[in-house]
Amino acid sequence: MPELPEVETTRRGIAPFCEGQAIHRIKIRNGRLRWPVPGDLAARMEGETIRSVERRAKYLFLNLDHGTAIVHLGMSGSLRIITGDTPAGKHDHIDLVLESGVTLRFNDPRRFGCWLWADSASAHPLIASLGPEPLSPEFNGRMLFQRSRSRNTPVKSFIMDSHVVVGVGNIYANEALFKAGIHPGRKAGRISLDRYRCLVEAIRETLSAAILMGGTTLRDFVNSDGKPGYFAQSLLVYGRAGEPCPECGTALKEIRMGGRSTVYCTRCQR
DNA sequence: CTTACCGCCTGTCGGC
DNA sequence: TGCCGACAGGCGGTAA
């Protein structure tokens with residue numbers, strides 16, 4: 001399941017093959033994604049050159065001459081570079097054939113991903129109201145503290161809110177809260193400035209380490225080479241309910257919060 | 001505005 | 001062995 005580190009890993013993997021390349025052809029085999037792929041997407045993209053591949057939150061931007069294709073990998077999506085004549089599989093929904101002969105192939109079994117068109121990506125409704133990037137200076141303890149004062153919601157839900165900060169998905173929220181020693185159910189408005197500073201550092205460390213390791217492969221994430229990431233073995237609490245806490249040995253507890261698996265140490269996290 | 005919950009999807013897994 | 005329901009989850013949308 002691609003979170004920010006997986007999307008960034010994908011971006012770094014595909015950018016060298018895409019940037020500067022003209023799009024010769026697009027094959028849309030199944031356009032029924034989270035939102036239907038726009039009927040005119042192929043016409044807008046064919047013949048354009050990919051000027052750059054950017055990431056904002058978990059969205060990838062294929063910046064073309066006259067607009068941007070906004071791509072989201074959803075839960076199960078991947079973008080791979082195909083060099084040979086590999087036949088398309090069941091869930092290979094979209095191919096971009098580039099002038100070099102290489103194909104950028106979008107695979108997404110659960111079809112929670114999307115391909116959309118925007119004349120200006122930053123002005124697109126999905127993008128315009130997003131919070132800051134977690135690895136940018138705009139994301140810091142003071143800002144989290146201020147924005148949380150009136151909030152009654154659990155801190156885990158708060159940091160997973162993309163209007164607060166982007167790119168903190170379920171796995172990394174669990175990990176960061178453990179590192180910071182904060183109970184996931186604690187009300188966001190009842191956490192001190194110092195503890196928010198600690199949490200920000202934990203989020204940064206967790207995401208950075210995961211990017212360095214090529215992301216987390218739990219079930220089906222593969223990078224642009226089709227290889228898995230290696231951060232899963234570094235996870236401290238996610239997926240480890242019942243196992244001993246790496247700090248104190250107490251059995252890690254799992255609860256559901258907003259429908260999502262939440263794992264924490266009842267002793268270390270307050 | 002805030003908060004909680006729904007639903008889109010398919011592969012996987014546990015129970016019978 | 002096979003069937004079937006539960007579950008996983010990003011995240012926009014909607015209802016309260």
Side-chain angles (χ1 to χ4, degrees), chain A residues 1-11 29-38 55-60 70-79 88-94 106-116 118 121 123-131 133-134 144 146-176 184-191 203 207 210 215-222 228-229 231-232 235 237-242 254-263:
Chain A
M1 48 202 78
E3 295 205 28
L4 185 144
E6 292 74 49
V7 178
E8 179 61 22
T9 297
T10 297
R11 188 194 69 76
R29 298 186 193 82
N30 186 349
R32 288 171 298 146
L33 304 182
R34 166 134 202 215
W35 296 285
V37 173
R55 179 189 60 74
R56 173 77 173 101
K58 296 176 192 170
Y59 294 93
L60 287 171
I70 299 177
V71 179
H72 199 291
L73 302 179
M75 284 284 306
S76 58
S78 65
L79 285 169
K90 186 178 177 186
H91 302 298
D92 290 332
H93 305 312
I94 298 177
F106 176 73
N107 176 286
D108 187 4
R110 272 160 270 187
R111 307 213 309 271
F112 279 17
C114 69
W115 280 63
L116 298 172
H124 191 280
L126 290 176
I127 306 300
S129 63
L130 292 174
E133 289 287 322
L144 266 195
Q146 284 174 352
R147 293 215 39 186
S148 64
R149 283 314 85 184
S150 57
R151 301 293 297 270
N152 226 9
T153 198
V155 62
K156 179 165 180 262
S157 306
F158 180 63
I159 60 172
M160 289 178 67
D161 181 346
S162 65
H163 300 290
V164 174
V165 57
V166 301
V168 182
N170 192 44
I171 298 172
Y172 297 112
N174 279 298
E175 295 297 300
R186 181 170 284 277
K187 290 179 190 298
R190 298 285 196 84
I191 292 174
I203 290 171
L207 292 176
T216 302
T217 295
L218 285 180
R219 290 177 183 80
D220 41 21
F221 172 72
V222 290
F231 192 69
L235 295 174
V237 294
Y238 185 85
R240 297 191 186 279
E254 176 165 22
I255 58 172
R256 319 251 355 132
M257 186 174 283
R260 289 169 184 85
S261 170
T262 303
V263 187

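So that the names make sense, note that chain A is the first sequence line, chain B the second, and so on, each numbered from 1. Just so it is clear, the values below take in all heavy atoms, side chains as well, and ignore hydrogens, waters and symmetry mates.
- Rounded to whole Å, the distance from NZ on K187(A) to P on dT2(B) is 15 Å.
- Side-chain atoms of N174(A) come within 3.5 Å of backbone N or O of S261(A) as a donor-acceptor pair.
- For I255(A) and dA8(C), the CD1 to P distance is 13 Å, given to the nearest whole Å.
- Following rounding to the nearest Å, D108(A) (CG) and dT10(B) (P) show an atom-to-atom distance of 10 Å.
- Residue R110(A) has no polar side-chain atom (N or O) positioned under 4.0 Å from OP1 or OP2 of dA8(C).
- Between the H93(A) side chain and the F106(A) main chain, no donor and acceptor come within less than 3.5 Å of each other.
- Across all strands, R32(A) comes closer than 4.0 Å to no nucleic acid atom at all (heavy-atom distances).
- With sequence neighbours excluded, the residues forming a side chain to side chain contact (heavy atoms under 4.5 Å, CB included) with V165(A) are P134(A), F139(A), V168(A), listed by chain and number.
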Based on Watson-Crick and G-U pairs with both distances under 3.5 Å, what dot-bracket line describes DNA chain C 5' to 3', crossing pairs as [ ] and inter-strand pairs as |?
.|||||||||||||||
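- Residues satisfying the salt bridge (charged side-chain N to carboxylate O under 4.0 Å, His left out) criterion with R56(A), sequence neighbours excluded, are E133(A).
- Counting non-hydrogen atoms under 4.0 angstrom, S261(A) reaches the backbone sugars and phosphates but no base.
- Here the P atom of nucleotide dA6(C) and the CZ atom of R256(A) are 14 Å apart, to the nearest Å.
- Taking 4.0 angstrom as the limit, R151(A) places none of its side-chain polar atoms (N or O) nearer than this to OP1 or OP2 of dC1(B).
- In this entry the distance linking CZ of F106(A) with C1' of dC9(B) reads 12 Å, nearest Å.
- Not a single salt bridge (charged side-chain N to carboxylate O under 4.0 Å, His left out) links R190(A) to another residue, sequence neighbours left out.
- S76(A) has no side-chain polar atom (N or O) that falls below the 4.0 Å cut-off from OP1 or OP2 of dT10(B).
- You'll find the side chain of R186(A) stays beyond 4.5 Å of the side chain of P154(A), heavy atoms only.
- Side-chain N or O atoms of R256(A) include none that pairs as donor or acceptor with a backbone N or O of T262(A) at under 3.5 Å.
- Following rounding to the nearest Å, E6(A) (CD) and dG10(C) (P) show an atom-to-atom distance of 10 Å.
- As a whole-Å value, the separation of L73(A) CG from dG10(C) C1' is 11 Å.
- Take H72(A) and apply the side chain to side chain contact (heavy atoms under 4.5 Å, CB included) test, not counting sequence neighbours, and it matches K58(A), Y59(A), C114(A).
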Sugar-phosphate or base contact per nucleotide [nucleotides 11-16 of chain C; S, B, -; heavy atom under 4.0 Å]
BB----
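- Put simply, the side chain of I70(A) does not reach to within 4.5 Å of the side chain of L126(A), judged on heavy atoms.
- Toward the 5' end of DNA chain B, the nearer of the two residues T153(A) and L33(A), judged by each one's closest nucleotide, is T153(A).
- When the nucleotides dT10(B), dT3(B), dG10(C) are ranked by their closest atom to the side chain of M75(A), dG10(C) comes out on top.
- For dT10(B), the OP1/OP2 oxygens have no side-chain nitrogen or oxygen of K90(A) closer than 4.0 Å.
- Backbone-only contact: N152(A) has heavy atoms under 4.0 Å from sugar-phosphate atoms and none from a base.
- With hydrogens and angles disregarded, a donor-acceptor distance shorter than 3.5 Å links the side chain of R55(A) to the backbone of A57(A).
- Counting to the nearest Å, the P atom of dG10(C) and the CG atom of L60(A) are 16 Å from each other.
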